[in-house]
Amino acid sequence: MAGERILVVDDNAINLKLACAMLVVAGYDVLTAVDAETALAVLDGVTPALILMDVQLPGIDGLELTRRLKADPRRSAIKIVALTAYAMRGDEERARAAGCDGYVTKPIDLETLIRTITSQLAMPPLTT
């Protein structure tokens, strides 16, 4: 669903720029954050439809931030897709256990990224 607002959280400037460029070309409204603290500050002002969450962030990592967001009733319905270069056995399961709704590996494949985002945005939020 082009036009939806997406927050990209990634501490790597090149990955952040690449993900943003892909999403803008696909028609999404993109916000960025380089760490968990910046992401939380952004979320104080807006509620995106989806967050692309780098797993390896400085300070509070992406999985811990996901746990916190999913535990917060104001933010629990935001779809979160883990974005990671670490694609080892069990990593996707750890991301999902932390509350991630989807999982995409780096290097980012545009088709896979857009398909994952589209499918996540089409799904109703889980109710707890």
Side-chain angles (χ1 to χ4, degrees):
M1 290 186 259
E4 296 276 8
R5 183 172 288 155
I6 296 177
L7 171 61
V8 181
V9 184
D10 198 318
D11 64 318
N12 181 293
I14 294 169
N15 290 336
L16 188 63
K17 186 174 182 177
L18 177 62
C20 289
M22 289 178 169
L23 294 172
V24 167
V25 167
Y28 293 99
D29 178 22
V30 181
L31 303 168
T32 63
V34 296
D35 57 29
E37 292 78 13
T38 306
L40 290 169
V42 169
L43 292 169
D44 280 340
V46 297
T47 301
L50 186 137
I51 299 172
L52 281 180
M53 181 76 72
D54 182 19
V55 172
Q56 296 295 318
L57 295 172
I60 300 168
D61 71 32
L63 297 183
E64 178 57 27
L65 179 56
T66 297
R67 286 184 201 91
R68 292 180 188 188
L69 294 174
K70 291 298 186 172
D72 181 343
R74 299 170 299 149
R75 298 175 174 142
S76 62
I78 300 171
K79 298 289 184 165
I80 300 177
V81 174
L83 188 60
T84 182
Y86 299 97
M88 303 299 286
R89 178 174 288 193
D91 286 345
E92 182 172 359
E93 290 77 14
R94 279 188 283 284
R96 291 193 182 273
C100 291
D101 302 289
Y103 184 85
V104 175
T105 59
K106 298 176 188 174
I108 301 169
D109 174 73
L110 177 60
E111 186 177 313
T112 301
L113 178 65
I114 298 304
R115 184 175 52 246
T116 301
I117 289 170
T118 301
S119 68
Q120 287 300 322
L121 293 176
M123 297 171 126
L126 296 174
T127 56
T128 54

(request) Output the distance between atom CG (L57) and atom CG (D35), rounded to the nearest 0.5 Å. (result) 7.5 Å

(request) Would you give the length of the straight line joining atom CZ of R115 to atom OG1 of T118, rounded to the nearest 0.5 angstrom? (result) 9.5 Å

(request) Could you tell me whether R96 and D101 have a side-chain N and a carboxylate O separated by less than 4.0 Å? (result)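 No salt bridge links R96 with D101.
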
(message) Between K17 and D10 (salt bridge meaning N to carboxylate O under 4.0 Å), is one present in this structure?
(response) no

So do the side chains of [X] and [Y] get within less than 4.5 Å of each other, counting heavy atoms only?
| X | Y | answer |
| --- | --- | --- |
| E4 | D29 | no |
| R68 | D72 | no |
| V55 | C100 | no |
| V81 | L113 | no |
| D54 | V8 | no |
| D61 | E64 | yes |
| L7 | I78 | no |
| L83 | K106 | yes |

What heavy-atom pair brings [X] and [Y] nearest, and what distance separates the two atoms?
| X | Y | result |
| --- | --- | --- |
| I108 | A19 | CD1-CB, 4.0 Å |
| L16 | A33 | CD1-O, 4.3 Å |
| I14 | N12 | N-OD1, 2.9 Å |
| I51 | P48 | CG1-CG, 4.0 Å |
| A39 | V9 | CB-CG2, 3.8 Å |
| K70 | K79 | NZ-CA, 4.4 Å |

(request) Tell me, yes or no, whether the heavy-atom count around E111 atom CD, taken from other residues, nucleotides or ligands under 6.0 Å, exceeds 12. (result)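 No, the 6.0 Å shell around CD holds no more than 12 heavy atoms from other groups.
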
Does [X] share a hydrophobic cluster with [Y], counting links as ILVMFWY side-chain heavy atoms below 4.5 Å and allowing steps through other members?
| X | Y | answer |
| --- | --- | --- |
| Y103 | L52 | no |
| M53 | V46 | yes |
| V30 | V25 | no |

(message) Test side chain to side chain contact (heavy atoms under 4.5 Å, CB included) on T47 and R75; report intermediate values, then the result.
(response) CA-CA 8 Å; T47 301; R75 298 175 174 142; over 6 Å; no

(message) Is there a side chain to side chain contact (heavy atoms under 4.5 Å, CB included) between L43 and L69? Walk through the geometry before answering.
(response) CA-CA 10 Å; L43 292 169; L69 294 174; 3.6 Å; yes

(request) Please confirm whether the backbone N or O of V34 pairs with a side-chain atom of T38, one donor and one acceptor, at under 3.5 Å? (result) no

(request) Applying side chain to side chain donor-acceptor pair (under 3.5 Å), name anything that partners D91, two or more places apart in sequence or on another chain. (result) R94

(request) Check step by step if side chain to side chain contact (heavy atoms under 4.5 Å, CB included) holds for I117 and L50. (result) CA-CA 8 Å; I117 289 170; L50 186 137; 4.2 Å; yes

